[in-house]
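Sequence positions, counted from 1, serve as the residue numbers for this chain.
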Amino acid sequence: MTSHTFIERQETMLGPSASTLSRRARSSLKCTSNALWDVLNDIWHPQSNPHGYVTLGVADNTLMQQQLLFRANSSFEMSGQHLALNDTITGSPRLKAAIADILSRYLHPSKLLRPSHILATNGVASAIEHCSWALCDPGDGILVGRPYFRGFSRDICLRPAARLVQVSFEGVDPLGISAVSIYEEALINSSKQGCAIRAIMICNPHNPLGRCYSQSFLIEIMKLCQRFGVHLISDEIYALSVWREGQDGAVSMNKFTSVLSIDHDGLIDPSLVHVLWGVSKDFGANGMRLGAVISQGNSDMLESIRGVAQYSSVSGLADCFTTNILEDERFVNQFIAENNKALAATYEYVVAFMDRHGIPYARGSNAGFFVWCDLLTPYLKLQPASSFDGSEKAKAIKNRELLDKLSRFKVHLGVGDDFGSEQKGWFRITFSQSQEQLDEGLARIIDALRY
């Protein structure tokens, strides 16, 4: 959706002074006026605010916060250098070296990953926006498969003025090999309709499905990008949060494969491949605001981003903190292992709850923080037969009703419509929270379904 179309649809929802603003400013105004800020200003606490919102809708991992804080507070020292501008706009040399080191150890790049391949930003949202700005002219498109991380629509479109072109799979596994031909069809159709596709963007591990793309899928999507000369952007922000492998019923769980680990020779022009990573998820540090654009074969793209990097400058504090942590290899290895063990345990706790209460959820998750679940189906089962005729219109009405009830019971979830869900009634639940918060949030979900 272009920002132009977005404004035309939402114009009547803005205040009277909005007409004095530019079109892009009105688009930003609408994007920032959402319920999330109301939720964050009224967060539940068992003692100080028991009637506030319980959020299971923000992609935050609090399971290892105390360990990270203890490590940081016991050995974190800043110097005057970190208070000056110096070399931190796109990351200090030490920071880039530390990122290159940890990603080399865990992502196993097929070619040596150098600090010069890395450009640091104040979060992966800025990294996404930079890629959209650098690769797309206004009106050009980036293909994104449904469902997708809801922030993609903002980061790809809002300021770069590119278009997020949704790919619908209609029952085909969006992470399966057969999905590649659907990407190709969407690419061709979009071009025929006047929107040139400049990139395909994936989130691996996937948000919100919590699964990893197979190596065979990645190879085929690279071949597709090479054939059409489009870029592949792989958002790997959950790369170190993979907590199990094997089978989940009939669903196979792929181990994580970074696109950096695949030898590009004879497969794809390296200048078309880019990876994004950051500390927000794998280290439970959303507030640190530190991400990275990694491109081993396109120095021109990195240099173009450097020209506007003042707008996404990494703070000296974030640079120093992150470097200090990442350089401690022993701590990092132990932290990641314990984090993944904690994630696996909390996931099993939440899906056991889902099973007990008859709530369908997407199988095969083995990474990230999410359960992608269908709350509308159990909600409809509890409704009088006469109140639902089975039509799509009736389903949409009931979905709106369910959303209102969840809000009334003050539980905040990721709403499927915001993620481009192909079916009504699906929600993203973030399970990487304390058991006390999970219990309160899950209980409120059941209350919303029943009453």
Nearest-0.5 Å distance, [atom1] of residue [X] to [atom2] of residue [Y]:
{"X": "D235", "Y": "W277", "atom1": "CG", "atom2": "CH2", "result": "12.0 Å"}
{"X": "E327", "Y": "I99", "atom1": "CD", "atom2": "CD1", "result": "11.0 Å"}
{"X": "N254", "Y": "S214", "atom1": "CG", "atom2": "OG", "result": "5.0 Å"}
{"X": "I128", "Y": "R154", "atom1": "CD1", "atom2": "CZ", "result": "7.5 Å"}
{"X": "S168", "Y": "R146", "atom1": "OG", "atom2": "CZ", "result": "4.0 Å"}
{"X": "M288", "Y": "T322", "atom1": "CE", "atom2": "OG1", "result": "6.0 Å"}

is_close_aromatic(F152, F419), centroid dist under 6.0 Å: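 No, too far apart.
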
Thinking salt bridges, do [X] and [Y] make one under a 4.0 Å N-O criterion?
{"X": "R105", "Y": "D101", "value": "yes"}
{"X": "E220", "Y": "K223", "value": "yes"}
{"X": "D173", "Y": "R363", "value": "no"}
{"X": "K424", "Y": "E392", "value": "no"}

Can you list, pair by pair, the side-chain donor-acceptor contacts under 3.5 Å of residues 114-124, counting residues two or more places apart and other chains?
from, atom 1, to, atom 2, distance (Å)
H117, ND1, R114, N, 3.0
T121, OG1, G123, O, 2.7
N122, OD1, S126, OG, 2.6

How far apart are the C-alpha atoms of S234 and E236, what are their side-chain angles, what is the distance that settles it, and do they pass the side-chain hydrogen bond (donor to acceptor under 3.5 Å, both in side chains) test? CA-CA 6 Å; S234 182; E236 301 184 2; 2.8 Å; yes

Is the side chain of [X] donor-acceptor paired with the backbone N or O of [Y] at a distance under 3.5 Å, no angle test?
{"X": "Q433", "Y": "T346", "value": "no"}
{"X": "N366", "Y": "R244", "value": "yes"}
{"X": "D282", "Y": "L240", "value": "yes"}

In the structure I gave you, are the side-chain heavy atoms of F283 and L326 within less than 4.5 Å of one another anywhere?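 Side chain of F283 against side chain of L326, heavy atoms only: contact under 4.5 Å found.
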
Close side-chain approach of Y379 to K405, heavy-atom, < 4.5 Å: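 Yes - at least one pair of side-chain heavy atoms lies under 4.5 Å apart.
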
When you measure from the centre of the six-membered ring of F370, is the NZ or CZ of R428 closer than 6.0 Å and no more than 45° off the axis?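 Yes, R428 and F370 form such a contact.
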
Mind running side-chain contact (heavy atoms from CB on, under 4.5 Å) on L68 and F321 for me, showing each step along the way? CA-CA 11 Å; L68 187 64; F321 172 90; 4.2 Å; yes

Residue pairs fulfilling side-chain hydrogen bond (donor to acceptor under 3.5 Å, both in side chains) with at least one residue in residues 283-295, sequence neighbours excluded: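 The answer is D60-N286, H274-S295, K281-N286.
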
Going through the distances and angles, do D155 and F149 end up as a side-chain contact (heavy atoms from CB on, under 4.5 Å)? CA-CA 10 Å; D155 302 337; F149 165 52; 4.3 Å; yes

Would you call the rings of F431 and W243 parallel, tilted or perpendicular if under 30° counts as parallel and over 60° as perpendicular?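 Aromatic pair F431/W243 classed perpendicular.
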
Tell me which pairs pass ring-ring contact (aromatic ring centres under 6.0 Å, His included) where either residue lies in residues 44-71, with sequence neighbours left out.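 Pairs touching residues 44-71 that pass the test: none.
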
